[in-house]
Amino acid sequence: MRFATWNVNSVKARLPRLLDWLAGTAPDVVCLQETKVADDGFPSAEVAELGYETAAYGQGRWNGVAVLSRIGLDDVRRGFTGVPGYPEPEARAVSARCGGIRFMSVYVPNGRTPDDPHYAYKLQWLAALREALIPDLKAGPLVVAGDYNVAPADADVWDITLFANSTHVTPPERAALAAIREIGLTDVPARALKGDHPFTYWDYRAGMFHQNKGMRIDLVYGSADVAERVTDAYVDREARKGKGPSDHAPIVVDLTD
DNA sequence: ATGGCCCATTTAATGGGA
């Protein structure tokens, strides 16, 4: 089985690239984030032509997540139990069972700045996610993949000295991720196709990508029974190149059957 | 080579992204 996660930064703006990438990479399951489209606008028919069923949870202008699968898709859940809002619940998590594994696509709140209410919301959201995943882990194999908006270690940003007073690297954010791992999820490390750092995000501005000034903020967390099946995982930086890319690259994971 | 913001929306200017 091959699965992937990708923050596409608008599924409509990215549709030609998404379809090409699906055809070329041939993942069985894909977790998408920042689809930025209401469910009735999701290009379900277009991805169906490539054999994918869709579980989309969107709200329009912002956020939006989806799971695509060509190996079956059922038991779809939008959001999760106890999800906090800002102030209303946002479309930041959707899950479905595909090929014997529950896949959850997550788009963690950004946090903006550490003194912003959005930062407190981010920590609340991650704490609530942890609690919601406990019963999911008991129910069977689980993958929680997406844009976590946290760089787990200093090496996961291009220059940690530039992140003083910034979100994504603070101890409480990192502790929130550690608390999620502690319930029985493993960080599936992805290899970089070039260089030493498997960054998944590079700002559009100032040539950050070609200088490889990036961040590792997209992550794949898997239950132990999934993690032990991993044969390869890589960041597809090719998808960040060229005209009209997302600012995030996909992570592709291969499992033994 | 990978190339110097981009997205959606209230279609101009703004909020959000990280």
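Because the structure is predicted, anything quoted here is derived from the model rather than measured. Below, chain A is the first sequence line, B the second, and so on; all start at residue 1.
- Of all heavy-atom pairs between A:Leu177 and A:Leu219, the closest is CD2-CD1, 3.6 Å.
- A straight line from CG of A:Asp247 to C1' of B:dG4 spans 15 Å, rounded to a whole angstrom.
- When both distances must be under 3.5 Å, the Watson-Crick or G-U wobble mate of B:dC7 is B:dG15.
- Across all strands shown, A:Met215 has heavy atoms under 4.0 Å from sugar-phosphate atoms exclusively, and none from any base.
- The residue A:Asp147 sits close only to the backbone: its heavy atoms come under 4.0 Å of sugar-phosphate atoms, none of a base.
- Going from the P atom of B:dG15 to that of B:dG3 covers 31 Å, rounded to whole Å.
- Within the 4.5 Å cutoff, the side chain of A:Thr186 has no heavy atoms near those of the A:Glu228 side chain.
- Of the candidates B:dA18, B:dG16, B:dG3, the closest approach to any side-chain atom of A:His210 belongs to B:dG3.
- Using modelled atom types, no side-chain atom of A:Arg216 and backbone atom of A:Pro198 make a donor-acceptor pair closer than 3.5 Å.
- Taking a 6.0 Å sphere around CG of A:Asn165, one finds it holds 12 or fewer heavy atoms contributed by other residues, nucleotides or ligands.
- If you check every strand for non-hydrogen atoms under 4.0 Å, A:Phe163 touches nothing.
- If you check every strand for non-hydrogen atoms under 4.0 Å, A:Glu34 touches sugar and phosphate atoms only.
- Separating the CZ atom of A:Phe199 from the P atom of B:dA18 is a distance of 16 Å, rounded to the nearest angstrom.
- Between B:dT10 and B:dG16, the two P atoms lie 15 Å apart (nearest whole Å).
- Put simply, CG on A:Asn165 is 15 Å from C1' on B:dA18, counting in whole angstrom units.
- Using the six-membered ring where Trp is involved, A:His118 and A:Tyr86 have ring planes that are perpendicular, over 60° apart on the 30 and 60° scheme.
- Phosphate contact (OP1/OP2 of B:dA18, side-chain N/O of A:Tyr107, threshold under 4.0 Å): present.
- One atom, CZ of A:Arg240, and another, P of B:dC5, lie 11 Å apart when rounded to the nearest Å.
- Phosphate contact (OP1/OP2 of B:dA18, side-chain N/O of A:His248, threshold under 4.0 Å): present.
- If you measure from atom CG of A:Leu219 to atom P of B:dA18, you get 13 Å, rounded to the nearest angstrom.
- Defined by atom type and a distance below 3.5 Å, a donor-acceptor pair is present between the side-chain atoms of A:Asn9 and A:Lys36.
- The salt bridge (Lys or Arg N to Asp or Glu O under 4.0 Å) contacts involving residues 245-257 of chain A comprise A:Arg2-A:Asp254, where partners must be two or more places apart or lie in separate chains.
- When heavy atoms are screened at a 4.0 angstrom cut-off, A:Arg112 is found touching the sugar-phosphate backbone but no base atom.
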How does protein reach along nucleotides 6-12 of chain B, written 5' to 3' as B (base within reach of a heavy atom under 4.0 Å), S (only sugar-phosphate), or - (no contact)?
-> SSB----

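- When each of A:Tyr107, A:Tyr201, A:Trp6 is paired with A:His248, the ring-ring contact (aromatic ring centres under 6.0 Å, His included) condition holds for A:Tyr201 and for no other.
- Nucleotides B:dA8 and B:dA18 place their P atoms 15 Å apart, quoted to the nearest Å.
- Within the 4.5 Å cutoff, the side chain of A:Gln211 has no heavy atoms near those of the A:Trp158 side chain.
- For A:His118 and B:dG15, the NE2 to P distance is 15 Å, given to the nearest whole Å.
- Side-chain contact, A:Asp236 with A:Trp21: a donor N or O sits under 3.5 Å from an acceptor N or O.
- Rounded to a whole Å, the CD atom of A:Glu90 is 13 Å from the C1' atom of B:dG17.
- Annotation: B:dC7 and B:dT11 have their C1' atoms spaced 14 Å apart (nearest Å).
- A:Asn212 places its CG atom 13 Å from the C1' atom of B:dA1, with the value rounded to the nearest Å.
- Of the residues in residues 169-177 of chain A, none lies under 4.0 Å from DNA chain B by heavy-atom distance.
- Across all strands, A:Asn149 comes closer than 4.0 Å only to sugar-phosphate atoms, never to a base (heavy-atom distances).
- Between A:Asn7 and A:Arg237, the residue whose closest nucleotide on DNA chain B is further toward the 5' end is A:Arg237.
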Evaluate side chain to side chain donor-acceptor pair (under 3.5 Å) for A:Ser10 paired with A:Glu34, printing each intermediate quantity in order.
-> CA-CA 6 Å; A:Ser10 171; A:Glu34 284 207 82; over 6 Å; no

